[in-house]
Amino acid sequence: MPRRRVRSIEEQRLLEKAKRYLPGGTLGNTRFADDVAFVVKAGQGSKVVDMSGNEYIDYLLGSGPMILGHAHPAVVTAVREYLERGSTYFTLNEPAIQLAEAICQAVPCAEKIRFCSTGSEATFFALRTARTFTKKDKILKFEGGYHGSHDYALMSSSPNVPKDFPQAVPDSAGIPRVLEDQVLIAPFNDLDTTSAIIERHHHELGGVIVEPFQRIITPRPGFLPGLREVTQRFAIPLIFDEVVTGFRLAWGGAQEYYGVVPDLAAFGKIIGGGYPLSAVVGRADMMEAFNPDREVSGDFIAQTGTLNGNPVAAVAGLATLQRLKQDGTYRQLFSTGRALHQGLTGLLKQYGIPGQVVGEDPLFDVVFTDGPVNDYRGVLTQNRELLRRFNSELLTRGILKGSSKMYMSVAHTSTDVEQTLAAVQESFAVMTNA
Ligand SMILES: Cc1ncc(COP(=O)(O)O)c(C=O)c1O
């Protein structure tokens with residue numbers, strides 16, 4: 001596979017401008033070393049192209065929303081047709097209502113839905129909903145679980161030096177110290193320790209939030225059912241963060257895939273079809289707190305957002321869901337993912353690299369350790385230098401992925417998988433010779 005071509009003057013200038021105006025020259029945490037940095041010009045199907053004309057097979061997929069691939073014709077047509085009718089109205093519109101119905105019909109726990117714009121907002125308001133219902137303040141989350149970038153979420157998501165459970169370690173500057181006491185941390189996949197923390201703190205625990213498939217770590221058999229049982233026993237709302245898993249692991253999300261139904265769930269990414277849209281969904285009695293009729297009752301959740309239920313995003317989301325609902329779509333997604341998953345596993349073995357592929361077929365990555373990867377501490381044991389090297393070797397060979405995730409799309413083909421595995425093989429060869 002050809003190596004990266006020379007960077008055009010136009011792209012070089014844009015990269016310099018980005019450094020001049022954007023802190024760190026980036027839009028968030030995703031950035032690449034100077035020699036491989038690029039600016040996207042366009043995306044089409046499973047590929048993105050940079051300003052210099054280099055093509056990448058894309059496993060970043062906009063951090064997950066683009067499950068149909070970029071610029072899917074059905075989504076483009078739906079959005080283009082809608083744009084003539086306006087952009088946003090801050091009040092009821094047909095696409096938002098249709099999308100509400102589609103999500104509530106698909107997702108087992110979803111009796112009612114409140115739209116917002118980002119996954120962070122969805123988890124933030126899901127937590128507020130749980131606290132409103134229980135009238136208790138603390139929340140429990142899992143070490144290594146990521147729920148966005150608000151103050152409650154950024155606790156022990158990626159601690160370099162984890163503390164003893166259930167103490168939280170803030171992941172960001174600027175978070176009020178007082179919040180550290182409001183968040184209890186438990187180990188994912190360890191039901192005994194988690195249950196003990198819940199039993200000890202149930203009188204002050206307003207909700208439990210979990211990524212049912214944490215980053216790329218699958219739940220052990222019995223973990224999610226056990227979590228459901230213990231939260232139910234103490235009447236503590238269980239929140240599934242389905243921002244990543246929603247409409248990805250299955251039409252009904254992780255709750256359908258793993259067969260455990262929470263009280264509330266947060267959705268984002270896929271439901272907006274690549275546009276800003278997210279949602280809190282859940283039990284009607286809990287969701288009723290969003291009803292403005294409750295405003296005087298004291299049990300009312302104040303949640304308003306300029307773009308709540310934005311019609312353009314809703315149209316894109318609806319077109320995406322319609323395509324996903326077609327017969328055989330998930331079968332295809334899983335089988336393309338499985339081919340790459342298995343190919344990677346084979347190559348790790350062939351090159352004798354200590355590592356394993358962790359995840360489900362629509363979303364996984366290589367974790368460079370031979371030890372068990374059932375929780376965040378398992379991931380922490382990996383050789384991070386090997387991972388960094390892997391990502392950058394792949395990028396120079398035209399394979400774009402997240403720092404620790406590979407998202408599959410319906411647009412990825414068997415040829416994409418073959419080319420990717422060829423690039424992985426070259427990368428492993430270079431990495432093992434060094
Ligand atoms: C599981 C999970 N929850 C919440 C979020 C936050 O979503 P957003 O980036 O839209 O705020 C993310 C983002 O990647 C996520 O992976």
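Counting starts at 1 for both ligands and their atoms, following the listed order.
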Atom 9 (O) of ligand 1 protein-contacted (non-hydrogen atom, under 4.0 angstrom) | no
Subset of ligand 1 atoms that lie under 4.0 Å from at least one heavy atom of [X]:
{"X": "T118", "result": "10 (O), 11 (O)"}
{"X": "E211", "result": "1 (C)"}
{"X": "H147", "result": "3 (N), 4 (C)"}
{"X": "D241", "result": "1 (C), 2 (C), 3 (N), 4 (C)"}

Where the closest heavy atom to atom 7 (O) of ligand 1 is concerned, which of A153, G119, G64 has it?
-> G119
Option nearest atom 13 (C) of ligand 1 (shortest heavy-atom distance, choices K269, R215, K405) |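 The option holding the nearest heavy atom is K269.
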How about R384: does its CZ atom have over 12 heavy atoms from other parts shown lying under 6.0 Å from it?
-> no
Separation of C109 SG from E242 CD (nearest 0.5 Å) =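 So the CD of E242 and the SG of C109 are separated by 7.5 Å.
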K138 side, atom NZ; Y152 side, atom OH - distance, nearest 0.5 Å =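 Output value for this atom pair is 11.5 Å.
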Report the residue from N93, L277, I97, L83 that forms a side chain to side chain contact (heavy atoms under 4.5 Å, CB included) with P311.
-> N93
Taking the six-membered ring for Trp, are F188 and F213 ring centroids under 6.0 Å apart?
-> no
Does the ring center of F368 lie less than 6.0 Å from the ring center of F390?
-> yes
